[in-house]
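Here is how names work: the chains are called A, B, and so on, in the same order as the sequence lines, proteins then strands, and each is numbered from 1.
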Amino acid sequence: MTIKDYNNLHKNVLHWYDNNKRDLPWRKTKSQKKDAYKIWVSEIMLQQTTVKAVIPYYSSFIKKWPNVKKLSKSNVNEILEFWSGLGYYSRAKNLHNASKIIDKKFKGVFPNNYQDLVSLPGIGRYTAGAILSIAFNKDALVVDSNIERIILRLNAIKKDPKRTRKEVEEIAKKFTPSKRAGDYVQALMDIGSSICKSQNPNCINCPINFLCLAYKKGLTNEIPLKQKKIIKKLKKGIVFWITSKNNNVYLRRRPDNGILPGTLGFPSTKWSEERLTAKEKEFPGINKWDKMSGKINHSFSHFDLQLKIYAKYGFDEMKLKGEWKQKSKIEKIGLPTLMKKIYLHALSVEKSKI
DNA sequence: GTCCAGGAAC
DNA sequence: GTTCCTGGAC
């Protein structure tokens, strides 16, 4: 592209943004100056998560923890519970750890350079760039999947996206204007989500269609090149629904690594592709179970899970250390979606028996 | 039911 | 290169 093309790109993208930008809560600020803390929280939530899913979480998060100091003084389990349903739970832990580092090492001042930002847990190259450009208006390198898709299409790059990172970044660097850098990247992201969509892009209404080689060549549906789909494994296991005479249900905190790290859940056997051995099906201290009807199916990014539910009623709470929660209040506890499916199933089975 | 979007850490 | 989740479109 020529210098004139770049100028037209910036002009059209920013003009479109001024008239069409999405009204997102983290874009609302009282003063002109952006609050880096809020941009950071929003960007962490937006990692691998859609805007629509993030909005309700973002608003109540900011109400609860309005600044880094408050967040650093909070309890990590409280943040994990808050995070329930949003997914990728290590983000919650990283947010908490990073807030402590900002409070201590950076004396409460939010870092405004790349090196310090990527040193924080949960902040990688994209999030660092997004914070630098959106919160501090610096012309940082920002390539999220929206921007990547736009660049691939603008330049009609029909290659495996896994092998084009360098090329895309070089183009992104050349594209980014020094003025209104933050507005520019947000504009591209908005165009990417509402016009230059992955499926059925709305090219007619695109402010930069006159520059787009994929549009010119009729290649918008073939770029980005689709990845080969992976076949998911099916894992199976047994989850234990243990209730007490007081009508409490037994939960325990999951380990800090692996799937659903640090979250509360119902105990279970390991989840395995292989048939479980009798020993692997054991639960210490309980050997007689009611096998509940139905199965829980849940799909994670890299495997599908199928769980049977074994139930035990009227168990002595003193014999099992962990968390006993009131059955009637279980819906009030923030639990990951899988655990939510389990208690909804168990409660409805119990209800149908009465 | 199947397919798909969406970054960091290891 | 693999492991981390969920919800929405179809």
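Nearest-nucleotide positions on DNA chain B for A:Ser301 and A:Asn297 put A:Asn297 closer to the 5' end. The nearest heavy atom of DNA chain C to A:Asn200 and to A:Phe303 marks one nucleotide each, and the one closer to the 5' end goes with A:Phe303. A residue-by-residue look at A:Lys52 and A:His302 shows that A:His302 has its nearest nucleotide of DNA chain C further toward the 5' end.
A:Arg27 and A:Ser42 share no side-chain donor-acceptor pair at under 3.5 Å. A side-chain donor-acceptor contact under 3.5 Å links A:Lys232 and A:Ser299. At a cut-off of 3.5 Å, with distance as the only test, no side-chain donor of A:Asn248 or A:Gln326 sits close to an acceptor on the other residue.
A salt bridge does not link A:Lys235 with A:Asp304: every distance from a Lys NZ or Arg NE/NH1/NH2 to an Asp or Glu carboxylate oxygen is 4.0 Å or more.
Considering only side-chain N and O atoms, A:Thr49 lies nowhere under 4.0 angstrom from the phosphate OP1 or OP2 of B:dA5. Phosphate contact (OP1/OP2 of B:dA5, side-chain N/O of A:Ser145, threshold under 4.0 Å): absent. Proximity of A:Arg149 to the phosphate of B:dG6: a side-chain N or O atom is located under 4.0 Å from OP1 or OP2. Look at A:Gln199 and you won't find any side-chain N or O under 4.0 angstrom from OP1 or OP2 of B:dC3.
Taking atom CE of residue A:Met45 and atom P of nucleotide B:dA5, one finds them 24 Å apart after rounding to whole Å. Across the protein-nucleic acid pair, A:Asp144 atom CG and B:dA8 atom C1' stand 14 Å apart, rounded to whole Å. Going from atom CG of A:Leu117 over to atom C1' of B:dG7 covers 16 Å, rounded to whole Å. Here the P atom of nucleotide C:dT6 and the CG atom of A:Leu46 are 17 Å apart, to the nearest Å. Summarising the geometry, the separation between CG on A:Asn257 and P on C:dC5 is reported as 11 Å, rounded to the nearest angstrom.
Using a 4.0 Å heavy-atom criterion, one finds that A:Thr127 contacts the sugar-phosphate atoms exclusively. Contact annotation for A:Gln47: backbone-only contact, meaning every heavy-atom pair under 4.0 Å involves sugar-phosphate atoms and none involves a base. Across all strands shown, A:Phe300 has heavy atoms under 4.0 Å from base atoms, whether or not it also approaches the sugar-phosphate.
The CZ atom of A:Arg253 sits 12.0 Å away from the CG atom of A:Leu260 when rounded to the nearest 0.5 Å.
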